[in-house]
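Data block below; observations after.
Proteins come first, then strands; the chains are lettered A, B, ... in the order of their sequence lines, and each starts at number 1. The analysis underlying the following values was restricted to heavy atoms, covering all of them including side chains, and did not include hydrogens, waters or symmetry mates.
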There are 2 protein chains.
Amino acid sequence: MSAVYSIRDLAREFAVTTRTIRHYEEQGLLSPKREGAVRVFSNRDRVRLKLALRGKRLGFPLNEIRELFQLYDLAKDEKGQLMEFLAKLEKRRATLEQQREDIAVMLNEITFFSGQCQRLIASNANKEGQKAA
Amino acid sequence: MSAVYSIRDLAREFAVTTRTIRHYEEQGLLSPKREGAVRVFSNRDRVRLKLALRGKRLGFPLNEIRELFQLYDLAKDEKGQLMEFLAKLEKRRATLEQQREDIAVMLNEITFFSGQCQRLIASNANKEGQKAA
DNA sequence: ATAATCATTGACGTTTACGTAAACGAGGAC
DNA sequence: GTCCTCGTTTACGTAAACGTCAATGATTAT
């Protein structure tokens, strides 16, 4: 445990550019140690990067993700922050449930249209077959 | 049926600005008729706006949404387009399933952290109560 | 020792998705 | 008749999330 990673390690593992990782540090999502000028990433950084990328896939802006990270850190100590963190979590939950609903609808639509397409293609194939016959 | 809508009608209904709707027209997502210079939106436009906004909530770029609309239109006529449409649908499906998985994970995390928070708050409340007692 | 690879910072560029302001016309309300 | 409200176009502005050099330095491979 207590593994360390170079910027390239993480970039490879998560299929992002090193620029992205540096950008995330600039934005306060990651806070790697330094050996001289060189960034040294911990497991904590790795986890945060994973969380950030999951958020990104769902379209969450980096500053919201950063806020959640910050609140999570603060929440350990201060109590007011705990409530605030909780509130943000519930907002996030609401967004996610809206998204889940959106996804359900779109997947149904896709299944429907996909079926339509395949039937059309199949019937066209029949016509082609008849021409050939 | 065959209802018509002003730009403001749609803006109100979907809680977006008129600027957004004009932008979507510029980007080829909507194609309202005109009475003189004034846009007149049909049910088709209304549906497309709804679809576009659903896509937006899931972080899809406008040009992808436009492509799907275009392919859907073309697919009725040409057969090659049908296959292409089908392919895009499957790609979209894959993305959506990734997102669905992401959402499931995040909702679990939120439920976990939310529980943690509430327990901490409750125990703090106890301490406060003991102080008061 | 020289090339290849990895790292750094700095800074300007780009795309997306609109916001925002300017300047204007058409139709009702009072 | 003038003030709202709604509509239009043109066009510059902006925030986010990086991309893309450029210039430089430390390690490693051969």
Winner on side-chain proximity to Leu62(A), out of dT8(C), dA17(D), dG19(D), is dA17(D)
Arg8(A) near the nucleic acid: base, sugar-phosphate alone, or nothing, with a heavy-atom cut-off under 4.0 Å? sugar-phosphate
Heavy-atom closest pair, residues Leu120(A) and Ser123(A): O-OG, 2.9 Å
Do you know the tightest heavy-atom contact between Ile7(B) and Arg22(B)? CD1-CG, 3.7 Å
Which of dC18(D), dT9(D), dA16(D) is nearest the side chain of Arg39(B)? It is dT9(D)
When we call it a touch if two heavy atoms are under 4.0 Å apart, what does Thr18(B) touch: a base, just sugar-phosphate, or nothing? nothing
Side chain of Arg22(A) - closest among dG19(C), dT8(C), dA7(C): dT8(C)
Can you tell me if CD on Glu26(B) sees more than 12 non-hydrogen neighbours from other groups inside 6.0 Å? yes
What is the distance, to the nearest angstrom, from the CZ atom on Arg12(A) to the C1' atom on dT5(C)? 11 Å
Can we say Arg54(B) and Glu109(A) salt-bridge, meaning some charged N sits less than 4.0 Å from an Asp/Glu carboxylate O? yes
What is the distance, rounded to the nearest whole Å, between atom CZ of Arg34(B) and atom P of dG25(C)? 18 Å
Is Tyr24(A) close enough to dA17(D) that one of its side-chain N or O atoms is under 4.0 Å from OP1 or OP2 there? no
Of the nucleotides dA11(D), dT8(D), dA16(D), which one has an atom closest to the side chain of Asn63(A)? dA16(D)
